[in-house]
Protein chains: 2
Amino acid sequence: MEHHMARMYTIGEASELLGMPASTIRFYEKNGLIPNMQRTGSGIRLFDDEDLEWMRFVEHFKASGMPIKEIRTFIELYQQGDSTIEERRRIINNRRDAVERQIAELELARDFIKYKCWFYDVAAEAGTCDVPREMPPEKMPEEMRRIKERCGISSF
Amino acid sequence: MEHHMARMYTIGEASELLGMPASTIRFYEKNGLIPNMQRTGSGIRLFDDEDLEWMRFVEHFKASGMPIKEIRTFIELYQQGDSTIEERRRIINNRRDAVERQIAELELARDFIKYKCWFYDVAAEAGTCDVPREMPPEKMPEEMRRIKERCGISSF
DNA sequence: ATACGACTTAAACCATGGTTTAAGTCAAGA
DNA sequence: TCTTGACTTAAACCATGGTTTAAGTCGTAT
């Protein structure tokens with residue numbers, strides 16, 4: 001059975017593996033997003049596989065729109081152990097709600113944009129915006145009628 | 001038949017009607033998001049209903065994550081008339097793709113967060129994170145197993 | 001007449017999330 | 001030994017999207 005030596009990585013290697021500039025990694029560490037970072041005697045950061053896993057984990061939080069301060073708070077609570085479970089749970093539940101609001105808002109915006117896509121497809125075909133602009137609802141595709149109604153799209 | 005006088009609004013009234021600080025409205029105008037703004041002789045902005053409609057329209061673009069510069073570009077093209085239809089169509093199609101990527105990314109993040117919600121529900125119940133952390137996949141809810149697999153969630 | 005509140009401007013300020021720069025240290029190879 | 005490249009730091013810089021401030025102008029009500 002092969003024994004994987006616990007390799008350590010410099011910031012350049014970590015940057016490569018994570019697909020993220022080294023400056024960003026330094027910025028994250030400075031802001032408390034990478035706890036317990038090891039260093040060589042001369043001060044060079046050493047990342048192990050666990051650090052890389054940790055950073056991928058942080059990336060998930062970032063993808064959810066969580067601000068850096070809140071991620072740091074969460075990490076600090078995590079380091080304090082099981083006594084902070086309830087507080088971490090609140091943070092995560094709030095984040096879930098925030099993400100769901102964001103998604104709902106983006107879905108509305110997507111519909112608006114889809115209407116505009118249709119509008120410009122028709123306009124490009126006709127050579128003028130007057131054609132889609134003045135099209136009576138009953139000649140529009142069902143979906144566009146629905147969106148126009150819901151988003152209160154005016155004549156622009 | 002009642003004849004609606006074409007009322008004009010001050011920035012304070014527009015702010016109230018749009019639910020947006022007056023400073024933001026000034027900022028938008030300065031950045032070319034509100035074309036052809038009327039003024040009184042003494043320089044006070046006058047908004048008509050069409051301006052308000054226009055601003056609601058701009059809000060839809062903003063909700064889609066479109067940067068202010070790109071909205072301004074779009075508006076400038078709009079003002080040039082039908083000769084810019086193709087260019088506007090490209091902008092809108094790019095925006096649709098961008099919004100769809102954003103939604104997909106957020107949906108992934110939402111799944112990660114949902115997993116964490118479940119994790120902390122179990123941890124809170126048990127009083128320790130060890131319970132969800134060491135739970136074998138076959139004891140997890142089907143959805144959580146799937147998410148953990150897909151998001152490559154480690155032991156944190 | 002004058003005080004008040006709402007408006008005007010340019011410019012400074014702020015928060016977020018990084019990126020870039022300048023100056024220096026270190027280890028390894030020629 | 002000397003050069004080279006990768007690393008270090010603090011601090012400055014940048015972009016985005018506004019908000020706040022300071023100083024001043026209007027129109028109206030008392």
Side-chain angles (χ1 to χ4, degrees), chain A residues 7-34 37-48 51-52 55-75 95 98-99 102 105-106 109, chain B residues 7-34 37-48 51-52 55-75 95 98-99 102 105-106 109:
Chain A
R7 252 210 79 183
M8 303 291 270
Y9 310 92
T10 66
I11 199 170
E13 292 162 332
S15 156
E16 189 69 14
L17 290 166
L18 295 167
M20 171 191 294
S23 60
T24 302
I25 300 180
R26 293 198 184 95
F27 172 79
Y28 286 175
E29 196 212 352
K30 197 165 55 169
N31 285 277
L33 268 49
I34 317 174
M37 183 102 264
Q38 301 216 161
R39 303 277 186 135
T40 65
S42 59
I44 290 180
R45 291 173 186 81
L46 288 177
F47 299 74
D48 58 21
D51 292 322
L52 297 185
M55 295 185 66
R56 292 193 184 99
F57 172 84
V58 166
E59 286 296 279
H60 282 303
F61 276 147
K62 279 178 20 68
S64 81
M66 199 160 167
I68 283 182
K69 277 185 188 175
E70 196 175 331
I71 303 179
R72 183 179 49 211
T73 300
F74 187 88
I75 289 173
R95 181 51 34 194
V99 174
Q102 274 175 261
E105 202 177 319
L106 269 183
Chain B
R7 251 211 80 184
M8 305 289 270
Y9 311 91
T10 66
I11 199 170
E13 292 163 332
S15 156
E16 189 69 16
L17 290 167
L18 295 167
M20 174 191 292
S23 60
T24 302
I25 300 179
R26 293 199 184 94
F27 172 78
Y28 286 174
E29 196 211 353
K30 197 167 56 173
N31 285 278
L33 268 49
I34 317 174
M37 183 101 262
Q38 304 218 154
R39 303 278 187 133
T40 64
S42 57
I44 290 180
R45 289 173 187 81
L46 289 178
F47 299 74
D48 59 22
D51 292 322
L52 297 184
M55 296 185 66
R56 291 192 185 102
F57 171 85
V58 166
E59 285 297 278
H60 282 303
F61 277 146
K62 279 178 19 69
S64 82
M66 200 159 166
I68 283 181
K69 277 186 189 175
E70 196 174 333
I71 303 178
R72 182 180 49 210
T73 300
F74 187 88
I75 289 173
R95 181 54 29 196
V99 173
Q102 272 175 264
E105 203 177 318
L106 268 183

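Across all strands, A:Thr40 comes closer than 4.0 Å to no nucleic acid atom at all (heavy-atom distances). Residue-level contact check: A:Lys62 touches the backbone only, with heavy atoms under 4.0 Å from sugar-phosphate atoms and none from bases. B:Ser23 comes within 4.0 angstrom of a nucleotide base, judged by non-hydrogen atoms across all strands.
When each of C:dT16, D:dT8, D:dG18 is scored by its nearest atom to the side-chain atoms of A:Ile44, the top-ranked nucleotide is D:dT8. Considering only side-chain atoms of A:Thr24, the nucleotide from D:dT19, C:dG18, C:dT16 that sits closest is C:dG18. Of the candidates C:dG18, D:dG18, C:dT19, the closest approach to any side-chain atom of A:Ile68 belongs to C:dG18.
What separates CD of A:Glu13 from P of D:dC7 is a distance of 7 Å, to the nearest Å. In this entry the distance linking CE of A:Met20 with C1' of C:dG18 reads 12 Å, nearest Å. At whole-Å resolution of the value, CZ in B:Phe47 and C1' in C:dA6 are 13 Å apart. For the pair A:Leu18 CG and C:dG18 P, the computed distance is 14 Å after rounding to whole Å. Atoms CE (B:Met55) and P (D:dG18) sit 11 Å apart, rounded to a whole Å. We find that CE of A:Met8 is positioned 18 Å from C1' of C:dA27, with the value rounded to whole Å. Distance CD1 (A:Ile11) to C1' (C:dC26): 16 Å, rounded to an integer number of Å. As rounded to whole Å, 15 Å separates atom P of C:dT20 from atom CD1 of A:Ile25.
For D:dC7, the OP1/OP2 oxygens have a side-chain nitrogen or oxygen of A:Thr10 closer than 4.0 Å. One finds a side-chain N or O of A:Arg39 lying less than 4.0 angstrom from the OP1 or OP2 phosphate oxygen of D:dT9. Residue A:Arg26 places at least one side-chain N or O under 4.0 Å from the OP1 or OP2 atom of D:dT8. Distances shown here put every side-chain N or O of A:Arg45 at or beyond 4.0 Å from the OP1 or OP2 atom of D:dC7.
Between B:Ser42 and B:Met66, it is B:Met66 whose nearest contact on DNA chain D lies nearer the 5' terminus. Residue order along DNA chain D, read from the 5' end via each residue's closest nucleotide, puts A:Glu29 first among A:Glu29 and B:Phe27.
In this pair, B:Phe74 and B:Phe57 present their aromatic rings tilted. The plane angle is within the 30 to 60° band.
Taking the side chain as every heavy atom from C-beta outward, A:Asp48 and A:Gln38 never approach each other to under 4.5 Å. Taking 4.5 Å as the limit, every side-chain heavy atom of A:Ile68 sits out of range of all side-chain heavy atoms of A:Arg72.
Of all non-hydrogen atoms in A:Leu52 and A:Leu17, the two that sit nearest each other are CD1-CD1, 3.7 Å.
No more than 12 heavy atoms of other residues, nucleotides or ligands shown are found within 6.0 angstrom of CD on B:Glu16.
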